[in-house]
*Asks:* 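The structure is given below, and queries will be raised subsequently.
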2 protein chains.
Amino acid sequence: MKELSARQRRILSLIVHEYIYSADTVASKHLVEKYHLSMSSATVRNEMSVLTDEGYLKQPHTSAGRVPTEAGYRYFVGQLMQDTSLPEAMRRTINHQFSQMHNDMRQWLELAATILANETHAASLITAPQPVEARIKHIQLIATHGRQALAVLVMEGGQIHQHILTLEEPVSQEQLSILSTKFSQIFAGKNLHSLSQYHGPMSQLEKNVMAWMEDELVRSDQLPTGEIYMDGITNMLAEPEFSDSEEARKAMRLLEERSLLQDLLSQTALPDTIGGVQVLIGGEGNWNDLRQCSVILSKYGSPGIATGTLGVLGPMRMAYGRSISMVRFLSGILSDFIVEQW
Amino acid sequence: MKELSARQRRILSLIVHEYIYSADTVASKHLVEKYHLSMSSATVRNEMSVLTDEGYLKQPHTSAGRVPTEAGYRYFVGQLMQDTSLPEAMRRTINHQFSQMHNDMRQWLELAATILANETHAASLITAPQPVEARIKHIQLIATHGRQALAVLVMEGGQIHQHILTLEEPVSQEQLSILSTKFSQIFAGKNLHSLSQYHGPMSQLEKNVMAWMEDELVRSDQLPTGEIYMDGITNMLAEPEFSDSEEARKAMRLLEERSLLQDLLSQTALPDTIGGVQVLIGGEGNWNDLRQCSVILSKYGSPGIATGTLGVLGPMRMAYGRSISMVRFLSGILSDFIVEQW
DNA sequence: TTTAGCACTCTAACGACGAGAGTGCTAAAA
DNA sequence: TTTTAGCACTCTCGTCGTTAGAGTGCTAAA
């Protein structure tokens, strides 16, 4: 596979641009006219022919314009795309929206998902941040109602697990407070894995609490993360490539199937990586149902504290520049939030 | 609009059945053959003609079979449908699945949404249960990390609000405990509306807590509920009426737009109500985007404690009998859970 | 190396056509 | 009076042939 000449690169770039814009095959003549190229359509045709041989373009049928191939998109994203950063005005608008939120992670994640979906016209996905290396800081039990008690586990990072315990019999707040103090002293500084080292006589209540904490451990261990925030799923349906609805279903099934989605979001170390943003084109890897789609992913958070993943899923014919900037920008916002809050 | 004869009712019923099954226009001859009717197709045709005049059937074009109209479905649901209850085996299977869950509301709601979607082949919707008449029982502040504190508000029903407060400066757990006790004494038994009656000098911390509680009040006041659990959205795409994807988008947009969805789910006092289950056909009311759809809704929970809504959204050509039984059954399961747990 | 010109190919749109499905009507049968 | 057989009529759907137009690939000249 030869190096492409500057002119070939230019033409490839324009074709990708134009196709992303119009969703229609792009013809040599059209290109020359629209971009006032200083060459004839015949010349463009020759170059297009080369690009086709090299595998960057294809034509749906013999006498139609060209369309980028998967390789074409990949070359575009990796080599041609100028790294547009978001216009200042938009940054400000978005920052403003976040500043009007409460300091609530959920709300921020929802807002981020909404903005991401609206601005990219694709489906947005965000996993809740997953705390790193969890150590227990404090345990508090609170009587709520009858035989119910709320157990709160505060971790050193500052994040919280909680659960409602159903007790054998009602227990007063005093007793619960005493137990809280005891447990806090025993487990402070330990991580959840060291729970199993604690043995000895336990009341029913204590067993209850222990059982829950172990449960919490198992859960935080095996699930890469918990909730997933999404928005803009219907944006996909608006794209012409999904008008047949069978293709759309395939891609969307993946969004509903949590386990598949988790797999996808935990993808890492992929070919095209730009400043922490990963681009998966045409379901590269083994995402058969995503052959028509591209995915842009980025981690966010702070390595020492907690990390999550955010990204967009859209048709391969996607505004990569804008989407990548958007993902990167929102990743930054959420990271800052985490650092500040935790 | 005259009364329908028994035979007319029978034929209407069969047509609705058949259309729900086949998604295709149903012809007089087809009906006679498939169901071994003891009359000729001509007779059926005459009756179909009457049913068409009465507005229960229509034909897509002059020489095609009949298809139920909105009114036809409504008559079917209201008058013709025999009230099938779920087979015992299925009840057991489902009960078993729930029994294997932890006592966690979230998990139950998710499971219910999944089962509902799979069994009805439609999209399922469940709102988290919303507590009724909230009175404060206890307030607890817990130091978490630096200037962060977790504030927990326990209501008499037993449900919990919580929030992470960011304080002006670090505050020790002792101080927080003192304040917790003070606030608990002042507000115990009050509902959130009486917060505003408390005035007088307050520390920055106290103001902080108060502000949050008022906030919580406003939120629980205006939002009918919080989270919404869904599943099976892609089931809609599989239905032939949504193969054109434009219609599908309209309906799905509604699922993404939280505010619209809230409106829909809080619909109540609708025409067709069967044992607490409400059936909305063809977006009756003013749901223009749901013209092709039907919605089956039921409240669940316990009037004194907390209630939520669950339901399914599918094409008008939907298996009403099965869906209604399913909704009713799951509504019962969730109600029991709430009564038991709270 | 570029470009004008032209032949060639393929799609998309259109209309014609026939087959088939299903009805509505009429007149006979029950 | 009700049911049914028979038949003409209507409308859709798939197929085919045709055409217009878009766009290419190639060739030969600039």
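Only this structure's heavy atoms are used, side chains among them; waters, hydrogens and symmetry mates stay out.
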*Asks:* What does Ser28(B) touch in the nucleic acid at a heavy-atom separation under 4.0 angstrom: a base, only the sugar-phosphate, or nothing?
*Replies:* sugar-phosphate
*Asks:* To the side chain of Ala42(A), which of dC10(C), dT23(C), dA4(C) is closest?
*Replies:*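 Given the options dC10(C), dT23(C), dA4(C), the side chain of Ala42(A) is closest to dA4(C).
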*Asks:* Figure out the CD/P separation between Gln8(A) and dT2(C), and round it to whole Å.
*Replies:*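 Computing the Gln8(A):CD to dT2(C):P distance gives 11 Å.
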*Asks:* To the nearest 0.5 Å, tell me how far Leu86(B) CG sits from Met326(B) CE.
*Replies:*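 Reported to 0.5 Å precision, the distance equals 5.5 Å.
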*Asks:* Quick check: on DNA chain D, is the nucleotide nearest Ser38(B) upstream (toward 5') of the one nearest Pro60(B), or the reverse? Name the residue that is more 5'.
*Replies:* Ser38(B)
*Asks:* I'd like to know if Ser63(B) reaches the base of dT23(C) with its side chain, counting only an N/O donor and acceptor under 3.5 Å.
*Replies:*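 Flag unset: no donor-acceptor pair detected.
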*Asks:* Between dT3(C), dC10(C), dG24(C), which nucleotide gets closest to the side-chain atoms of His61(A)?
*Replies:* dC10(C)
*Asks:* Compare side-chain N and O positions of Gln59(B) against OP1 and OP2 of dG24(C) and report whether any pair is under 4.0 Å apart.
*Replies:*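 True: Gln59(B) side-chain N/O within range (under 4.0 Å) of dG24(C) OP1/OP2.
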*Asks:* Starting at NZ of Lys29(B) and ending at P of dG6(D), how long is that distance when rounded to a whole Å?
*Replies:*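 It works out to 13 Å between those atoms.
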*Asks:* Looking at dT1(C), I'd like to know if its phosphate oxygens (OP1 or OP2) sit under 4.0 Å from a side-chain N or O belonging to Arg7(A).
*Replies:* no
*Asks:* Distance check needed: dC25(C) P versus Arg45(B) CZ, whole Å only.
*Replies:*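 Checked: the CZ to P distance equals 11 Å.
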*Asks:* Could you tell me how far apart Asp24(B) (CG) and dT12(D) (P) are, to the nearest whole angstrom?
*Replies:*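 Taking CG of Asp24(B) and P of dT12(D), I get 15 Å after rounding.
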*Asks:* Measure CG/Asn46(B) against P/dT4(D) and give the value in whole Å, please.
*Replies:* 10 Å
*Asks:* From C-beta outward on Ala27(B), which listed nucleotide comes closest to its side chain: dG22(C), dT3(D), dT3(C)?
*Replies:*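 The closest nucleotide is dG22(C).
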*Asks:* So do the side chains of Glu239(A) and Leu237(A) get within less than 4.5 Å of each other, counting heavy atoms only?
*Replies:* no
*Asks:* Within the structure provided, determine whether Met48(A) and Val50(A) are in side-chain contact (heavy-atom separation under 4.5 Å).
*Replies:* no
*Asks:* How many whole angstroms separate atom NZ of Lys58(A) from atom P of dC10(C)?
*Replies:* 18 Å
*Asks:* By the definition salt bridge (Lys or Arg N to Asp or Glu O under 4.0 Å), identify the one residue from Arg66(B), Arg9(B), Arg10(B), Arg7(B) that meets it with Glu47(B).
*Replies:* Arg7(B)
*Asks:* Could you tell me whether Asn288(B) atom CG has more than 12 heavy atoms of other residues or ligands within 6.0 Å of it?
*Replies:* yes
*Asks:* Could you check how far CZ of Arg66(A) sits from P of dC10(C), rounded to whole Å?
*Replies:*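 It is 14 Å, rounded to the nearest whole Å.
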*Asks:* Can you check the Glu33(A) CD to dA22(D) P distance for me, whole Å?
*Replies:* 11 Å
*Asks:* Just compare dG25(D), dT3(C), dT4(D) and give me whichever is closest to any side-chain atom of Met39(A).
*Replies:*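 Per side-chain heavy atoms of Met39(A), the pick is dT3(C).
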*Asks:* Under a 4.0 Å threshold between the charged nitrogen and the carboxylate oxygen, would Lys250(A) count as salt-bridged to Glu247(A)?
*Replies:*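 Answer for the salt bridge query: yes.
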*Asks:* Map every base of DNA chain D to its dot-bracket character, where paired means a Watson-Crick or G-U wobble contact with both distances under 3.5 Å and | marks a partner outside the strand.
*Replies:* ||||||||||||||||||||||||||||||
*Asks:* Once you round to the nearest 0.5 Å, how far does CG of Leu255(A) lie from CD1 of Ile228(A)?
*Replies:* 9.5 Å
*Asks:* Look at atom CZ of Arg253(B) and say whether more than 12 heavy atoms of other residues, nucleotides or ligands are closer to it than 6.0 Å.
*Replies:*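 Not buried by this count: 12 neighbours or fewer within 6.0 Å.
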*Asks:* Side chain of Ser49(A) only, please: which of dG25(D), dG24(C), dT3(C) is the nearest?
*Replies:*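 Minimum distance to the Ser49(A) side chain belongs to dG25(D).
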*Asks:* Looking at Ser40(A), does any N or O in its side chain come under 4.0 Å of the phosphate oxygens OP1/OP2 on dT2(C)?
*Replies:* no
